[in-house]
Structure formats: C-alpha cells, structure tokens
2 protein chains.
Amino acid sequence: MISGGFILKIIVDTLGGDNSPWANIEGAIIELIKHRDLSVIFTGDETQIGEVLEETFEKVMASINKYDKNPALIDNLKSRIEIVHAPDIITGNDKPTDAIRLKKDSSMMRSIKLLREDESISAMVSNGATGALVAAATLRIPRIDGVRRPAFCPILPTMKGGVIGVCDSGANVDIKADLLQQFAIMGSKYLEAAFGIESPRVGLLNIGVEEEKGDDLRREAYKLLKETPEINFVGNMEARELLSGDFDLVVCDGFSGNVLVKSVEGTALELLKKIKDDIYSKKKYQVGALFMKQMFNEEKEFLNYQRYGGSVMLGSEKVIVKGHGSSDKVAVAKCIEQAYKMVEGNLNKKIAEAVSGAQTE
Amino acid sequence: MISGGFILKIIVDTLGGDNSPWANIEGAIIELIKHRDLSVIFTGDETQIGEVLEETFEKVMASINKYDKNPALIDNLKSRIEIVHAPDIITGNDKPTDAIRLKKDSSMMRSIKLLREDESISAMVSNGATGALVAAATLRIPRIDGVRRPAFCPILPTMKGGVIGVCDSGANVDIKADLLQQFAIMGSKYLEAAFGIESPRVGLLNIGVEEEKGDDLRREAYKLLKETPEINFVGNMEARELLSGDFDLVVCDGFSGNVLVKSVEGTALELLKKIKDDIYSKKKYQVGALFMKQMFNEEKEFLNYQRYGGSVMLGSEKVIVKGHGSSDKVAVAKCIEQAYKMVEGNLNKKIAEAVSGAQTE
C-alpha cells in the first residue's frame, strides 16, 4: 500500500533473457497490480517496450470480470511505469569486463548506472548475462558499510520442501576466512528477510563433517563461524547433504559454490532427461507414464529453480536480483517480489548492523 | 593365464565395508576363478576368513555342473590364497592420522604395510574408510618416480553410457598448476589402461568455459594443459557438464573435486528417493510404476556407482583401489579386476614415462 506517499522503485531490465522482453514486462505488471506502492523503470528498446505494454494492458483488461473493470486501473499502472531507452543487449558471449566498458547503451549497464546514480531507486531485476551483472555490480555499485566484498547467492529447493541459499557462488574466487564469516551473516539476514526463515541453519561447505577437516581456510573459518553470535552455525556440510533440508544456508568460496550449484543443476536435468528418453524407448513405459503424468509434471515443477526466486548480490548498497535466463513471466514476478521484500524488510540496514556487530567483537 | 610362472598378487582387505567380510571374500573368489595367474592375500580376522572361505567353496562347488566338477579346482584356489591375521577395523569415525598411528593391527594398516614391504605384491583393494586409506597411501607408499603428489580418482557414469574420472577428488586440497598437469597425465594413462579409452578427453574444472575464466590457478593450469602433448586437453569444463559424456576426465583441486562428486551422488540419490516417495503417495502412480518397474530398476542400476569400479590412488608405486563402502561381491570383483588390469597394463611404468616426458619439455 502507498503509505505516506512512499513509492518503492525497481528497475526491470527487459533484455537478455530467453523470453525477453515479454516475460519481463508481463512479470512486472503482475507485481504492479499486486503492490500499489511499487513503481518500475523498464530499460531496453523503447518502442518494443511500448508495444508489449499496450498488448499487456489489453490482456489485463480482458482478464478482469466486467463488473470489476475500472478504467482507472490502466492509468494507475501507467503512472507507475517509466521507460529508459537502452536497446543494446549483453549476451553470455560478451566478456564481462568488455561489456562493462564498451556496452554502455545496453539495458543492463544503463540499469546499473541508474541504480548507482538515482537515490530514489532501490533495486534492480535482470535475467541477462550473469557474469556481466556480477562484475558490474561489484565494480559499479558501492558496498554496504563494513562489507568487504559482495557475494552472489542463488537459492535451490530442498527435498523437504524448503530452500537453501549458496553464498558465495561465483563472485569471489580468492577468499579468506573473514569473508566467509561475512557471507554467513549476509546470507542469514537475507533468508530471514526474503523467505521468512528464522535463525537460518548455516553450514560450511567442506570435504568432511569433523571440525578439523579441509584446508587451512576451512579450519580457520570453522573456528570463526562458531564464535559469531549473529548466525546459527551448525557445522561443516558435505556436498551430498545440500538438498537434504538440514541446512538453510551453505557458505563457501565462489569457485566451489559455483561447482556445487551447477553440478546439482546438471545432474537433476540429465537424470530427468534420461528418464524421459527411457520412457520413449518402450511402449509399456509409455503406458505407465500416462498414469504418472501428473507426478512427472510435479517433479519437473519442483526442479524448476525459477519457481524459488532469483539469485541475489548480497553486500551491494542497492538490491540486485538475477533471474534465470529462461525465466517466464511468473519467474520474473517472483524475482521482483523478492527484491520488493528485501527492500521493504530493510535487509541492507540489517546487514550493516550485523556486519559491524561481528567486527567489533 | 599363468605365464612363465608369473603370479600377480593382490591384497584384499576383508574388513570395513558394509557387507564385509562376505562380499570381499566372495568377490575375490570370483576373480580367482577368472584369472589363473592371480593370487590374493586376505587381511582381517583369520578365523572369520577361514569360515567364510569354507562356505564359499561349498557354494562354488554346488554351482558347478556335475560333469564339469573338478575336485582340483578348490585345491588350486586354496593354493592361491594367503591369510594375514589383522582383526582391528578402521571406521569413518577414526581420525585418519590417528588410525595410521594407533591402529597398526587393523586390516587396512596391515595391508598398507605389506604392500610397502613385500616387493612381490602389486596391488591392494579395500572398501574401508576412505580418509584413512588416502592418508595412509600418501604417507606410507612411495610415489612413482617424478610424481609430486598422489591423487584420488573416482569414476562416475555418464549419460552416454561411458564413464568419467575425477582427478583429484580429496587427496590434495592445496594445489598448484603443475600438479593439475600431473593429475591430467596420470588420469589419462589410467583411463587408457583400466577402461580402454583411447586418448581420453581431458577437461579442467572451471566456473566458465572461456580460457580466461576462474582464478590464477585455473588460468595458469589452462595454459600448461594446452601445451602438454601427453594428454588430449579439450578445454574448461563447467560442473553441469560432468555427466554429459563430452569428457573422459576432469582435473581439479581435491576440494572442488570432492564437492563435485558428492553433489552429483547426493542429487541423484535424493531425486530417486523423491520419485520413490511420490510413487507411494497415490494409487494411480503405483499402477503406473508397475509398467515401469524394469525401467526404474535399470535407472537404479545405472546410478549404482559400484558397477563402474572403485576409486584409485594414482601416483603411488603400488596400485590401490578403494571400493564403495556398500560394495557387494560383484562390486568387489570389479575393483579387483580393475587392479588386475592396472598392474597387467603396466600403468605405473607408463605414468612414470609420461610424467618425466612432460617435465623435460
């Protein structure tokens, strides 16, 4: 609700995803209808955005019961939308540092610039190239006071129906124990604010569960995490336990975090693909599959990471949410919702307090 | 076949696995029947081994067609079996360094001692505690000339029906680029000798496919691997491609290798468990599953890592194969077969030659 005239402004990058700009714009409209104190700035191709918006408004009106139709709705939506023309696209093939330097007219770099320069803007949502976004956010957006390095934190579903955050997963490859401590604090505050998880159970990714396992970095981090009152540290976590549901957050260096997330993703996709191929190999399996169609659809939906929200950059002064490249409108809406909750929940202020608390101990 | 009186001697550790000593002893008998130039040394509880052997011999005789029955068979098998009494067991709860120091009467440490001291023994197969075995092999068994550090290399099945080796996966957590080069050489020679893969395609585990991705270690290793004629380097591999079948070997530091293998294992097991639970949740799924029983059994068998052989310590002067803790007799036989092939294929000599070749360039 609009309270005291406060409007929460979020940039939506409309380019770079597989279903862009449609999914991005339709997803944003879903959220604009849901939250009357939200306003969005679309970056991308101005003409294209205008056309998609027109069609989307028509769809919205057509979907509303005629007795509820309020012509003021579209005017209200329009009043909470701005468009910034930045038609260039950054792809996965662009080297991140080149993209930052050379593609200034891209929707992503223009979004980062706006986010940096306009104090009234709180957040940005994109499903464009991850590498470029992480690099640009790290280099261009100031850090929260006390945070030494921002970290990239994706979310995976667990087998008990919850989620687990992996922090860091690619932003930092060279790392020290005190950074892992900060990742644990930032990730914990994030899971509380965006997912309502109280006192998230934090694990340290390691090659064994005992305290003395791993390299010097892990042993030092273990000691530090154990003595950090701002978090609920439950010990080392082996990679095989990631989906068990026994942890809410796992902290790790960006290299092994990336390996962890991508191997889970790869294994799940390859396995489902194999099952699908095998079903087509025999008539009787196809018959059996008819009985199980609903179940397989549910499995697929369960493994659809998009449904759980995007990855976030933690430690940046502004909220940045990165959706999956193949996001549909529901996934984009979910990412905007996530950004909305992070801003509304004052996440960055909480991170600043907790980080400075841990430093003065 | 026995050629020129040459007998290949392999130690079989009969303790420490979930199905020990039965699986270990029965598995060894399968191999003794298959290879007449093989002899085994069982380490473990002498009395127990004697009892299991008697019962196993009875089973063997009962399974043979009466016209083929040759009473000399059992005598021949017995002539190729030695027993060494070492009844203590090392478990996953023992700290590896303590186990090495304190459990000298354990079957595993006695096996390592024998392997080190008896020149006539070529190999050792165990399905006991991994950490203790890796540590003992590293500390107690000399390295092949020119090899700076031994590496632990497990094997996983790929979606195209082949296998992929992961080297290193836990023996070395602090690492340099030239070690990764040695892992690539040793792993390649191993896959040729034990799996008949010609010119194995080697990938470097990294967080992106482009040459400049990753930390300094990966960038340096990429350059070095590209210029190593002893291997077939095909570039960086992202974790999600592990099971794709596009690589035969992936080289990595022991920490991320361990994360990779365990997250694949964990994801596959959790997913199959979820599917199983879901099937039991509704009557119609159970009906469908009846049609698909064979398929699910095949999936399960496909994911049964035991069927692909054990993990090996590469770079040790003696061949060491570590089977899965839950190995049955078929899995143990597979591990012994693998050790047999590695010895017969002169793997260690080939590794020594290739490693010294790479060093003099």
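Just so it is clear: chains get the letters A, B, ... in the order the sequence lines come, proteins before strands, and each one is counted from 1.
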For the interface with chain B, which of [options] has the highest count of heavy-atom pairs at distances below 4.5 Å?
options                        : result
A:A289, A:G170, A:G214         : A:A289
A:G266, A:A239, A:G254, A:S256 : A:A239
A:D215, A:D278, A:V173         : A:D278

Please tell me whether B:Y280 and B:Y285 form a close aromatic pair, meaning their ring centres lie under 6.0 Å apart.
no
Decide, yes or no, whether a salt bridge links B:D94 with B:R101 under the criterion of side-chain N to carboxylate O below 4.0 Å.
no
Carefully, step by step, assess B:R201 and B:L249 under the rule side-chain contact (heavy atoms from CB on, under 4.5 Å).
CA-CA 6 Å; B:R201 296 158 299 169; B:L249 176 73; over 6 Å; no
Between [X] and chain B, with a heavy-atom cut-off of 4.5 Å, which part of the residue counts as in contact: side chain, backbone, both or neither?
X      : value
A:E210 : side chain
A:L205 : both
A:E270 : both
A:L260 : both
A:K273 : neither

Any donor-acceptor pair under 3.5 Å from B:Q182 side chain to B:R148 backbone:
yes
Under a 3.5 Å cutoff, is there a donor and acceptor pairing between the side chains of B:N172 and B:R149?
yes
Does atom CD of B:E220 have more than 12 heavy-atom neighbours, drawn from other residues, nucleotides or ligands, at distances under 6.0 Å?
no
Pick one of side chain, backbone, both or neither for B:Q286, based on which atoms fall under 4.5 Å of a heavy atom in chain A.
neither
